[in-house]
Amino acid sequence: MDADYADAVRELVRRIPVGRAMTYGLIAEVIADRIVAAGGTARGGPRQVGRIMALGDGDWPWWRVVNAAGAPPPHHVAEALDRWDDEEMPLTADRSRIALRRAVWFPEE
DNA sequence: ACATTGACTAATT
DNA sequence: TAATTAGCCAATG
């Protein structure tokens, strides 16, 4: 299995600050870049990241990862909304999705 | 090896 | 803004 890939994803997600979020595509890109930088062949993509999230092994802030539209996964929408309220995640006016413009975070430093 | 499936995305309507 | 379509990568049967 890609235990390495899965670990990379979870580790990156854990680094997302409270009140910020990342998209599947962005996470996939960051990790792909790392693999290439390490001399490996780029693999994975948004769907692979999503697949790992679906496994849901361990405790990590999966609610800070949303699709490109800023909408939460169709599985735990209600819970995601609660989490967002708890950490004051910037939401759109209708509160149906994250205000990516303000909330997207990119790993720097 | 082939078909199906999925916590996706981007472009098109 | 929302629905459709086509492309996408890896896992599964």
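Just the heavy atoms: all of them, side chains too, but no hydrogens, waters or symmetry mates, feed the values below. The shown structure was predicted, so the numbers you read here are calculated from the model rather than taken from an experiment. Every chain is numbered from 1 and lettered A, B, ... according to where its sequence line falls, protein lines coming before strand lines.
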Considering only nitrogen or oxygen atoms on both sides, find all protein atoms under 3.5 Å from nucleotides 7-13 of chain B and state each distance.
{"residue": "B:dA7", "atom": "N7", "partner": "A:Met53", "partner atom": "O", "Å": "3.1"}
{"residue": "B:dA7", "atom": "N7", "partner": "A:Ala54", "partner atom": "N", "Å": "2.7"}
{"residue": "B:dA7", "atom": "N6", "partner": "A:Met53", "partner atom": "O", "Å": "3.2"}
{"residue": "B:dA7", "atom": "N3", "partner": "A:Tyr24", "partner atom": "OH", "Å": "3.3"}
{"residue": "B:dC8", "atom": "N3", "partner": "A:Arg47", "partner atom": "NH1", "Å": "2.7"}
{"residue": "B:dC8", "atom": "N4", "partner": "A:Arg47", "partner atom": "NH1", "Å": "2.3"}
{"residue": "B:dC8", "atom": "N4", "partner": "A:Arg47", "partner atom": "NH2", "Å": "3.4"}
{"residue": "B:dT9", "atom": "OP1", "partner": "A:Gly25", "partner atom": "N", "Å": "3.4"}
{"residue": "B:dT9", "atom": "OP1", "partner": "A:Ala68", "partner atom": "N", "Å": "3.1"}
{"residue": "B:dT9", "atom": "OP2", "partner": "A:Ala68", "partner atom": "N", "Å": "2.7"}

Checklist entry - If you draw a 6.0 Å radius around CD in A:Glu79, do more than 12 non-hydrogen atoms from other residues or ligands fall strictly inside? => result yes
Item to check | A:Asp82 side chain reached by A:Trp63 side chain, heavy atoms, under 4.5 Å | outcome: no
Next on the checklist: Just to verify, which of A:Leu12, A:Val9, A:Val49 counts as forming a side-chain contact (heavy atoms from CB on, under 4.5 Å) with A:Val30?
Outcome noted: A:Leu12
Checklist outcome for this item: Partner of A:Pro61 under side-chain contact (heavy atoms from CB on, under 4.5 Å), picked from A:Arg15, A:Glu87, A:Arg14, A:Arg83, is A:Arg14
Checklist entry - Would you say the side-chain atoms of A:Arg102 pair up with the backbone N or O of A:Pro90, donor to acceptor, closer than 3.5 Å? => result no
Next on the checklist: Side-chain N or O of A:Arg97 versus OP1/OP2 of C:dT1: is the shortest distance under 4.0 Å?
Outcome noted: yes
